[in-house]
Amino acid sequence: MGHNPEITRRILDWYGHNQRDLPWRHTRNPYNIWVSEIMLQQTRVDTVIPYYRRFLSRFPTIESLARAPLQDVLKVWENLGYYSRARHLHDAAKRVTSLMGGVIPKTWPELLALPGIGPYTGAAILSIAFDQQVAAVDANVRRVICRIFAVMERIDLPGVQKRIHGIATALIPPKEAARFNQGIMDFGATLCTPQNPACVSCPLQDLCLAFKRGCQSD
DNA sequence: CTCCTGCCAG
DNA sequence: CTGGCAGGAG
C-alpha cells in the first residue's frame with residue numbers, strides 16, 4: 001500500500017536523535033508497558049510520569065496488583081481521572097493472575113479480551129513488549145499518516161481507518177516495530193502536532209504530500 | 001453504532 | 001463556559 005522505506009528510515013533516524021527519555025522506555029516488562037499505556041490513554045505524558053512511578057513502586061508486579069484491594073488501587077490513581085481505567089486494570093490483573101498463571105498473553109484475541117485493552121493498547125503491548133510486527137495506531141499516528149499520504153477523507157470512516165492502519169503496518173521495518181511505533185508516535189506528539197506542526201524542521205518535508213499541497217492543517 | 005470520561009483550547 | 005478530543009465499553 002504505502003510501503004516507503006525512506007519514510008520509515010527517516011522516522012527512525014529522527015527518533016534516534018529526538019526521542020524523549022520516559023520511564024517506560026527503559027523497560028520491556030509487559031506489565032510495566034501495560035500500566036504505562038493505560039495511564040497514557042487520554043492523559044498527557046507529563047501528568048502520567050509521577051503516577052507511573054508511584055503505581056509501580058506500590059504494585060511492582062501483576063500479582064501484587066491483583067492482590068491489592070480495589071480501594072488501594074484507586075487511591076494511587078487519585079486525581080489521574082478516568083477511574084474506570086484503574087478498575088479495568090485491576091480487574092484484568094486479577095484475571096491474568098488467577099486464570100493465566102500471571103503471564104500476560106501474547107496474542108491479539110487474548111489481550112483484547114482483557115478489560116481496558118482495546119485495539120490501540122493491545123497493539124502497543126504486542127509491539128513494544130513482545131516485539132510483534134503490529135501497528136499501534138493512535139491519534140498521533142493517524143494524523144502523521146494522513147498528512148504524509150494526504151488522506152483527505154473523513155478519518156472516522158471505517159474504510160479510511162483501515163487504510164491508515166494498512167499504511168502504518170506497511171511502514172513497520174522488520175524486527176523494529178517497537179522502535180518504529182514509538183518513533184512515529186513521538187513524531188506526531190512533538191513535531192507533527194495537530195496545530196502548527198513544525199514543518200520547517202521536519203525531516204519528512206520533501207516527502208509529505210500535505211506539505212507539498214500546503215494543506216497540513218486539513 | 002453511541003456513549004463515557006475529564007482535560008484543555010477556543 | 002462550551003465543545004472537541006481519544007480510546008474503550010456496552
Side-chain angles (χ1 to χ4, degrees), chain A residues 20 22 24 30-52 54-55 62 65 70-71 73-96 99 104-105 107-129 132 134-147 151-169 177-178 181-198 210 216-218:
Chain A
R20 295 173 288 180
L22 305 171
W24 45 89
Y31 169 66
N32 295 26
I33 298 297
W34 177 20
V35 170
S36 75
E37 289 299 341
I38 298 297
M39 287 185 170
L40 257 1
Q41 289 168 8
Q42 289 92 17
T43 308
R44 300 191 139 51
V45 163
D46 296 329
T47 308
V48 165
I49 290 173
Y51 281 89
Y52 171 82
R54 225 159 12 101
F55 193 93
I62 192 165
L65 176 59
L70 176 62
Q71 286 316 306
V73 180
L74 289 173
K75 187 68 188 167
V76 177
W77 206 274
E78 205 167 63
N79 296 316
L80 193 56
Y82 298 96
Y83 299 95
S84 62
R85 294 181 302 174
R87 298 172 184 278
H88 286 142
L89 181 59
H90 183 239
D91 192 8
K94 290 200 284 188
R95 288 201 213 179
V96 171
L99 271 39
I104 295 172
T107 70
W108 183 259
E110 289 179 296
L111 267 181
L112 275 272
L114 292 171
I117 300 185
Y120 164 73
T121 305
I125 292 171
L126 286 182
S127 62
I128 298 170
Q132 295 185 29
V134 295
V137 181
D138 71 350
N140 288 314
V141 176
R142 277 195 293 275
R143 181 178 59 258
V144 170
I145 287 176
C146 285
R147 282 180 176 156
V151 177
M152 304 303 287
E153 298 107 313
R154 288 186 43 164
I155 202 164
D156 51 318
L157 298 174
V160 177
Q161 301 259 6
K162 199 123 172 73
R163 197 170 134 227
I164 294 168
H165 193 274
I167 295 174
T169 303
N181 284 340
Q182 294 181 93
I184 190 169
M185 284 190 268
D186 251 28
F187 183 80
T190 65
L191 192 152
C192 194
T193 49
Q195 309 93 21
N196 308 316
Q216 56 282 131
S217 47
D218 299 342

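- Atom CG of A/N196 has 12 or fewer heavy atoms from other residues, nucleotides or ligands within 6.0 Å.
- Rounded to whole Å, atom P of B/dC7 lies 16 Å from atom CG of A/L40.
- Residue order along DNA chain C, read from the 5' end via each residue's closest nucleotide, puts A/Q42 first among A/H88 and A/Q42.
- Residue A/R44 is classed as a sugar-phosphate contact, given heavy-atom separations below 4.0 Å to backbone atoms only.
- A/D138 contributes no side-chain N or O that, together with a main-chain N or O of A/M185, makes up a donor-acceptor pair within less than 3.5 Å.
- Atom CG of A/D91 is separated from atom P of C/dA9 by 11 Å (rounded to the nearest Å).
- We find that A/R44 and A/D46 are not joined by a salt bridge, their nearest charged nitrogen and carboxylate oxygen being 4.0 Å or further apart.
- At whole-Å resolution of the value, CD1 in A/I117 and P in C/dG7 are 15 Å apart.
- At whole-Å resolution of the value, CD1 in A/I125 and P in C/dG8 are 10 Å apart.
- In this structure, A/R142 reaches the C/dG7 phosphate: one of its side-chain N or O atoms is under 4.0 Å from OP1 or OP2.
- At whole-Å resolution of the value, CZ in A/R87 and P in C/dG7 are 22 Å apart.
- Distance CD (A/Q161) to P (C/dA6): 12 Å, rounded to an integer number of Å.
- Within the nucleic acid shown, A/T47 has no heavy atom closer than 4.0 Å to any nucleic acid atom.
- The interatomic distance linking A/M39 (CE) with C/dA6 (C1') rounds to 18 Å, in whole Å.
- A donor-acceptor contact closer than 3.5 angstrom is absent between the side chains of A/Q41 and A/Y120.
- Between the side chain of A/Y82 and the base of B/dG6, a donor-acceptor pair under 3.5 Å is found.
- If you find the closest nucleotide of DNA chain B to A/Q195 and to A/L80, the one lying nearer the 5' end belongs to A/L80.
- The nucleotide whose nearest atom lies closest to any side-chain atom of A/Y120 is, among B/dC1, C/dA9, C/dG7, C/dG7.
- Between the C1' atom of C/dA6 and the CZ atom of A/R85 lies a distance of 11 Å, rounded to the nearest Å.
- Tested against A/E37, the residues A/T121, A/I117, A/N32 include a single side chain to side chain contact (heavy atoms under 4.5 Å, CB included) partner, A/T121.
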